[in-house]
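Everything on this sheet refers to the single structure shown next.
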4 protein chains.
Amino acid sequence: MLHRFLTTRARTLALVAPLSDEDCQVQSMPDASPAKWHLAHTTWFFETFVLEAHERGFRPFEPAFRVLFNSYYNTVGDKHPRPQRGLVTRPGLATVRAYRAQVDERMARLLDGPRTPALDHMVELGLQHEQQHQELLLTDLLHLLSCNPLGPVYDADAPLPAGSGGAEGWATFDGGIVEIGHGGPGFCFDNEQPRHRTLLEPHALARRLVDEGDWRAFIDDGGYRDPRWWLSAGWDWVQQQHIEAPLHWRQDGDGAWQVFTLRGLRPLQAASPVLHISCYEADAYARWRAATDATCAGARLPTEAEWESAAARSGSGLAQCTGAAWQWTASPYVAYPGFKPWAGAAGEYNGKFMINQQVLRGGSLATPASHTRPSYRNFFPADARWQFTGLRLARDLG
Amino acid sequence: MLHRFLTTRARTLALVAPLSDEDCQVQSMPDASPAKWHLAHTTWFFETFVLEAHERGFRPFEPAFRVLFNSYYNTVGDKHPRPQRGLVTRPGLATVRAYRAQVDERMARLLDGPRTPALDHMVELGLQHEQQHQELLLTDLLHLLSCNPLGPVYDADAPLPAGSGGAEGWATFDGGIVEIGHGGPGFCFDNEQPRHRTLLEPHALARRLVDEGDWRAFIDDGGYRDPRWWLSAGWDWVQQQHIEAPLHWRQDGDGAWQVFTLRGLRPLQAASPVLHISCYEADAYARWRAATDATCAGARLPTEAEWESAAARSGSGLAQCTGAAWQWTASPYVAYPGFKPWAGAAGEYNGKFMINQQVLRGGSLATPASHTRPSYRNFFPADARWQFTGLRLARDLG
Amino acid sequence: MLHRFLTTRARTLALVAPLSDEDCQVQSMPDASPAKWHLAHTTWFFETFVLEAHERGFRPFEPAFRVLFNSYYNTVGDKHPRPQRGLVTRPGLATVRAYRAQVDERMARLLDGPRTPALDHMVELGLQHEQQHQELLLTDLLHLLSCNPLGPVYDADAPLPAGSGGAEGWATFDGGIVEIGHGGPGFCFDNEQPRHRTLLEPHALARRLVDEGDWRAFIDDGGYRDPRWWLSAGWDWVQQQHIEAPLHWRQDGDGAWQVFTLRGLRPLQAASPVLHISCYEADAYARWRAATDATCAGARLPTEAEWESAAARSGSGLAQCTGAAWQWTASPYVAYPGFKPWAGAAGEYNGKFMINQQVLRGGSLATPASHTRPSYRNFFPADARWQFTGLRLARDLG
Amino acid sequence: MLHRFLTTRARTLALVAPLSDEDCQVQSMPDASPAKWHLAHTTWFFETFVLEAHERGFRPFEPAFRVLFNSYYNTVGDKHPRPQRGLVTRPGLATVRAYRAQVDERMARLLDGPRTPALDHMVELGLQHEQQHQELLLTDLLHLLSCNPLGPVYDADAPLPAGSGGAEGWATFDGGIVEIGHGGPGFCFDNEQPRHRTLLEPHALARRLVDEGDWRAFIDDGGYRDPRWWLSAGWDWVQQQHIEAPLHWRQDGDGAWQVFTLRGLRPLQAASPVLHISCYEADAYARWRAATDATCAGARLPTEAEWESAAARSGSGLAQCTGAAWQWTASPYVAYPGFKPWAGAAGEYNGKFMINQQVLRGGSLATPASHTRPSYRNFFPADARWQFTGLRLARDLG
């Protein structure tokens, strides 16, 4: 546990190694947070939820941080307004690094001592939380750099999305009662439980994700200008926001598409999975494909139960379940039957967000490999695009 | 069919009998429509979807109405922007009445002639559509009158919500596989199909709706000021909109609650079902009740499957299934497995709204009695309050 | 005075003769008011400021109207929010007509009795006020009808703007100390006083107003797309509001300009004065003209002192001083040196609006002929376009 | 000139000496700019307007900076959107410092060579421009630090506003024709010219600025809650923005006022001039004072001509003309009679802002001593508060 703790914490610092103090300071939109804030908040999490409860003679690094770096835990008390995270230039990055170092040292001492299940659970939760913020740190940073007209590169060796390995066509699945939700011994979030039965009808899932080449065909066919493909709310969104392509796609003077990535701007790559699409776009693409491609009749988004049940079995023949994109599903984010939030402040982790969000499954190029599992439920509003979000098609079988 | 047509159409006119030309003209917010528009649009529906397809020598009453009174059918062509419906003072109400009369006459001639299933289906759909707008006409009118500081009365004999008949406590239900969705011979909307199996766990449903007395206790206990009870999006909504009570509740100088209704302003009535609450408020109330009332441990909103399956059986002991309020459920509005929208323009009726809305079940004081059934799925965004919306509690059984 | 009172009041009713109850009900934007409100508010003015002070045994027609039809007099007490004037469907037009009739009768009785200077002053003010609202009634109505896609006609014989009578070129004026402001015996508003000295430099004023033909040349030369001509705030406004032509100008399918007027839609008329331009557009036009037309070097808006001093002298050779358009000036609306607002509630009439507005001089096709004089100061924000606003050029002389 | 150039440029760097890279990066609101941007833009000014025209073999430090650090000069070409200045984390502060150093070196070489009036004029303009940004840098920084809940100190020795030296009461001035505007040999902005005659009436000016003690009395008397004192637009602003005190004033738990300054938070100091008030507040204060203090009957804001003419004469007895606050005047910002903007891009410096702004006169604690003169015209919108803005009363004399 100590080793995992130190490794995970070091991984976060490695992510900001290519960044300047200024890069770490700025918040480019209300949904995103500064890298410095991610560094501080993940530390706050250990200090507030682990050390405060378990450290003998607890004394906070800085009492004001309790409010300053609280994200959304009303149980803990006040919090600094989210849209103003980027205005806090002091403490500076150096102080936040010192905060991390001190808390890591105190955590190391604590983990070296006697352990209890309650302690272990909260440390585990803190590490899972840290890993979530590792991904958010990259999505938020990509958004920030995309606002810079000079097109800066985060890291020329930043990870690429997993490829399809040549997978094509559909994997088919019988209907019947299946069990979904986390049932095994390892860690899971409260929203993955209880494991429960659900009914599936016969269906098929695409073996690979929709790629940039597929998406260009959608654009070229006028997909963004035809209300037939769009949910009503999606069509309003397209028109009000003047949406014409995935986020981070740009057309150069000759009309060729360029895609802004953590490695900077690059030409469209047909075989690379499309990223940075909203659920509205994913849904519209499926409808368009269903109507225009005979091999895809009835194409739609998969439900989360279809996705989990396929991804949980070996030999399903699905490529890119993880390592490429969070995959929009047709499932709104709701409580599983019998869901109970964790007790205490941790109960605010997941449950209170269960409205007006869609479930995404899988894991992206930015998701730590140890931070995903078939039962993992990610969730974002239907118009969110700054995450590494993509699409796998599904369809009913007669 | 002709009789039902004429009766239904006459019922709409009866609803506007107490109204002046001015009352019928105004749109009090973008979500609402003027009564005059409801009168014209329901007529447009018959002219566009029935007469244009089936009337020999079809000639529109006025070609410009095709765009002017289209609500949201992109397949039909352009439409007048929704928020500007109230700006169209011409045609006036007299012309819209003439439009109704002429279309009714043409419809009567048509229905007097040879009939086909396609014709019958569209007439039926038109009548169902007319009934939906009968309810909307009242909700929109109530909102309009509520904006008038003089507190005008629509009708001193306007319908009251169905009472509980003394029902109290919980009706309990076993788990198991049940079928929901419309399966019988009568009319249903496409979104009620296909009938399909779903799994329920053992649960209980409150025999009556939450009433105004219950709700006052929630207010008095600070329910609107305590984030513990609220979904995160609900809490944001409460704070940004300064929500302190259901819509149409007003506190007089002595702090006593008054409720504005179609009969004007009246004092709070403890036994009357609470109306005009958002899904956020319904959800918060359930959490508060679960935490503060030992007889309601685990209280939550029912799922739509729980609701339908109980309401569909006789002797369930549930009061106020219809005639009082549309009841918020825990179910986001999604397609049933294997859902297929109707062909043609009617396919825009329901399917394209299947995101970011919650299902409501039942039927309100304003719902025509013939326009409800256990499988009926109403839907509104989680913050909508101008409808006659209420709440029945549910909970898991061990 | 009684005769004038009755004539003026009757004139207001004549303006709404072509209108339906619905036309009189609707408020098409927050800056505009419903015709019914104008009818009621002008009556409220006499009831509140004249009858309440001078009528023996004063009893209001309806006490609630004191708040309902107050426009902006904080001294009088509360007022109904301006953007919600159009939501008040009750009292209806018939009741407002009865209100007018009753107040007119009471006023007639009052004016038939003993008179005092204080009474006369307030009656005079009420009549001037009534005339202002006669013009506003038409501008607000034109805006409302312009929102109707059917292009309705208010009155086929509605007044046309005064023509130029063939006037062309510049009238020149020497510099020196002049007096401006109202100095004579007749009525004036407080903001026209005190009459005072001011210094003018030698200058010229265009003999006629800029006309639709002139304006088309500005459009054709790309005037709305070139930031060189625009004040910084004006350029922001053009871009954010997507302004491409005066308000009420529309381009048909062939690119020909049509202008919506009180007589309905008509083709552009080159010799008709351009109307419905903002101060930003007027200023941009002058800069463009100065830069592109050698005969107009140094073209700019006139100051209000230049305008008044020219309009006040006979034989100046200026056409269209009244009867065509309110003419934007270069003068922000500020207090004259030594300005004293009227005592009491009437002091809120003008003084509190003396910031962020520009003075307009003259009088439009909709201004009652007896309601204008050289010293009259009209004022609107620089982006206002729904009034009958136009432009006369000026320039410095060596 | 070279000495002044180097001194002025060094002064800017000295201002950021107490700041971290992060402090220099952030933009706390659209009206403010990051310190890094100020450093870069002032350098861009010299590179674009001086070096590009006068340096042999001109090669820009970085071509992309031409767009990136352009503020509002449409003549120069595109510009980065103002509200997004804070999102540009690269180039970092180190690069911007290198940019400054290189441009300073090139400028030094240029100034060491042959000089022309055109060159001298643009260098002078660049230095005046640099001084303006020195003040803006501090106002923007104060705003940024005020957003930090930890209340950070910029500099414990930051300048304090000039005191009144015990001056009290009124200085009186005769009326008559005076000349205002810059007439002497030194530098001035185009908007200070031409020097011209204007008429003044007899009036008095307060010898000192309104101070924090005076302002507390206004608050204590309910000044922010009484519409009688406020311009209509000011009253709307107070209510919509919930204004209750000057910007940067905070009430502690005991109700005592604290003021946030460049030296951090300090208690209210009765004798210190009030700062960070809008023109609306200044105007309301004057009306309140006029109505409640017999010694101040007729109190109002001074006109800019009154201010300049008094400040330009020696022995007027006015304290705090500079070194304390920019003083709101009653004068909207308009062109002087015969005003001609500078030719070329510099013509965009002042003229295009001449609408919807008020003139301020004087100079604040943050204004470089060499950057003020009696004819200097500063201007901001009436609701601006983040500048060091204060108030000197005036009144008419019989």
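Quantities reported herein were computed from a predicted structural model and do not represent experimental measurements. Below, each value reflects all heavy atoms present in this structure, side chains not excepted, and no hydrogens, waters or symmetry copies. The chains referred to below are lettered A, B, ... by the order of the sequence lines, with proteins before strands, and numbering in each begins at 1.
- Most heavy-atom pairs under 4.5 Å with chain B, from the set A:I177, A:L231, A:T75: that is A:L231.
- No part of B:L200 comes within reach of chain A, as not one of its non-hydrogen atoms sits under 4.5 angstrom from that chain.
- Counting heavy atoms of neighbouring residues, nucleotides and ligands inside a 6.0 Å radius, atom CG of A:D236 exceeds 12 of them.
- In this structure, chain A has no heavy atom under 4.5 Å from any part of B:Y333.
- B:A330 touches chain A through its backbone: at least one of N, CA, C or O sits under 4.5 Å from a heavy atom, while the side chain does not.
- Proximity to chain A (any heavy atom under 4.5 Å) is shown, for B:N356, by both the backbone and the side chain.
- To the nearest 0.5 angstrom, B:I355 atom CD1 is 6.5 Å from A:D283 atom CG.
- If you tally non-hydrogen atom pairs under 4.5 Å between each of A:T303, A:N74, A:T198 and chain B, the highest count goes to A:N74.
- Residues A:P332 and B:V334 approach most closely at CG-CG1, 3.3 Å, considering heavy atoms.
- No part of A:Y72 comes within reach of chain B, as not one of its non-hydrogen atoms sits under 4.5 angstrom from that chain.
- The line from OG of A:S232 to CD of B:Q357 is 8.5 Å long, rounded to the nearest 0.5 Å.
- Surrounding CG of B:D293 are more than 12 heavy atoms belonging to other residues, nucleotides or ligands, all under 6.0 Å away.
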Could you please spell out the steps behind the side chain to side chain contact (heavy atoms under 4.5 Å, CB included) verdict for A:E201 and B:R197? CA-CA 10 Å; A:E201 304 295 329; B:R197 296 175 304 156; 4.3 Å; yes
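- With a 4.5 Å cut-off on non-hydrogen atoms, A:E348 does not touch chain B at all.
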